[in-house]
Amino acid sequence: MSTSEYIKRGESAGQEFAAVQPPDHPGGPVTRRAAHNSPAMASAALMMLIDMGVTLGAIGIAILLHFVLIARLPFLSDMAINVTPHRSDGWYLLGFLMVLLFVLRRYGLYNGVPDRSAAHEQRLISQACLTAGLLLCGWLYMAHNYELSRVLVVVLVGTTAVALGIRRAVWRKVRFAQYAKGVETRNVVILGTNHLSSAMGQQIEDDYHLGYQLCGFLSAPGCEDVGEVDSQRVLGRLDRLREL
């Protein structure tokens, strides 16, 4: 049986166990454990708050660039000067912020562990900013709003993409530095003691960017090879999975 099948069987067993009422329970239903991971949710919420602050700063920079620099360029002056800020523009910019955070979350950029390459993350950030900018333009068109400059929207998309890209690069560097010190890593037990299990364990130990801390191995029927894994690192058999 493959390791993935063992994991699925273990998850199914865990669900059944949560639903069974212990004999010594005084009565009443047993509540299933919450499926949400509180530390992961707190980390995602913190990252969203940071991105919100970064985006608000990028909006301020975009406004300054638009009305201080771009408005003075001869070939853009007609488009940039003939529009004035309006009180309702704040709602459009707030909508841009909300859509951006939603798209970033849909892209999985608020996971606790960096599971993508840096280049791929930067591409997703740029794509999210462009998506939010296009939706903002569509909203302005449907609302017949001609006061908010489209040049400002373009500058806003650019400044936001750059600001979030820098924020994400700094976060990755700090996160990987923590992993190198063994801070905020996730404990891992590998099912099986064959050559594939040994190779997987070696990969985890060699690449700290994964954010894993290898605790040991569990021997499992069909996944055992003598001498592939150090016996001192074998924590027991499969029946210890729930305990561990």
Side-chain angles (χ1 to χ4, degrees), residues 3-4 6-7 10-11 14 33-58 100-101 104-129 160-220 223 227-238 240-244:
T3 303
S4 60
Y6 276 117
I7 294 174
E11 291 176 349
R33 290 178 295 179
H36 302 289
N37 188 337
S38 297
M41 292 181 62
S43 177
L46 178 61
M47 292 175 66
M48 292 183 71
L49 287 176
I50 294 175
D51 279 355
M52 186 179 298
V54 171
T55 304
L56 290 175
L100 177 61
L101 293 177
L104 289 173
R105 183 163 183 81
R106 291 288 296 176
Y107 285 165
L109 291 177
Y110 293 127
N111 296 331
V113 178
D115 54 357
R116 297 178 175 86
S117 66
H120 186 43
E121 280 190 349
Q122 297 296 331
R123 184 183 66 81
L124 290 178
I125 289 172
S126 300
Q127 186 173 331
C129 293
T160 304
V162 171
L164 290 179
I166 295 174
R167 203 283 297 175
R168 175 67 57 164
V170 172
W171 176 78
R172 287 178 66 92
K173 185 175 182 179
V174 172
R175 197 71 169 175
F176 289 153
Q178 290 177 324
Y179 290 163
K181 298 176 182 179
V183 179
E184 295 190 11
T185 55
R186 294 179 293 176
N187 293 329
V188 172
V189 173
I190 296 179
L191 300 181
T193 56
N194 57 10
H195 66 283
L196 180 59
S197 306
S198 177
M200 185 183 299
Q202 192 64 43
Q203 174 68 20
I204 290 175
E205 292 184 323
D206 291 344
D207 191 358
Y208 67 87
H209 295 92
L210 298 174
Y212 293 133
Q213 181 70 34
L214 180 61
C215 297
F217 299 82
L218 283 178
S219 60
C223 297
E228 291 292 342
V229 175
D230 185 359
S231 59
Q232 295 182 354
R233 307 202 65 180
V234 179
L235 305 177
R237 301 189 62 80
L238 184 61
R240 290 200 63 201
L241 176 61
R242 185 182 303 280
E243 175 188 352
L244 292 173

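Note that these values count all heavy atoms, side chains included, but never hydrogens, waters or copies made by symmetry. Count residues from 1 along the sequence.
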**Study point:** Interatomic spacing from CD in Q122 to CD1 in I166 - rounded to 0.5 Å
**Key:** 9.0 Å
Practice item. Measure across R105 and A44 and return the closest heavy-atom pair with its distance rounded to 0.1 Å. Key: NH1-CB, 3.8 Å
Review point. In Å and rounded to the nearest 0.5 Å, what is the CG to CG distance from L218 to L241?
Key: 6.5 Å
Practice item. Working to the nearest 0.5 Å, report the span between NZ of K173 and CD of Q178. Key: 13.5 Å
Review point. When rounded to the nearest 0.5 angstrom, what distance separates CD in Q202 from CG in L214?
Key: 9.5 Å
Exercise for review: Ignoring hydrogens and angles, state whether a donor on the side chain of Y107 or Q127 is under 3.5 Å from an acceptor on the partner side chain.
Suggested key: yes
Practice item. Can you measure from CZ (R240) to CD (E243) and round to the nearest 0.5 angstrom? Key: 4.0 Å
Exercise for review: Applying side-chain contact (heavy atoms from CB on, under 4.5 Å), run through L100 and C129 and close with a yes or a no.
Suggested key: CA-CA 6 Å; L100 177 61; C129 293; 4.0 Å; yes
Point to revise | Shortest non-hydrogen contact from Y110 toward D51 | key: OH-OD2, 2.7 Å
Study note, to complete from the structure: Interatomic distance, CZ@R167 vs CZ@R172, rounded to 0.5 Å, equals 11.5 Å
**Study point:** Under the side-chain contact (heavy atoms from CB on, under 4.5 Å) test, residues paired with A58 that sit two or more places apart
**Key:** T159, T160, A163
Review point. Side-chain contact, heavy-atom cut-off 4.5 Å: M200 with S197?
Key: no
Practice item. Go through the steps for N187 and Y212 under the test side-chain hydrogen bond (donor to acceptor under 3.5 Å, both in side chains), then give the verdict. Key: CA-CA 6 Å; N187 293 329; Y212 293 133; over 6 Å; no
Practice item. Provide the closest heavy-atom pair for V189 versus C215 in the form atom of the first, atom of the second, distance. Key: CG2-CB, 4.1 Å
Practice item. Quick one: closest heavy-atom pair of L104 and A128, and the distance? Key: CD2-CB, 3.6 Å
Revision key, fill the gap. Shortest non-hydrogen pair, I204 vs L210, comes out as CA-CD1, 4.2 Å
Check your understanding: Looking only at heavy atoms, which two atoms of L101 and M52 are closest? And how far apart?
Key -> CD1-CE, 3.6 Å
Check your understanding: So, E205 and R233, do they make that salt bridge, N to O below 4.0 Å?
Key -> yes
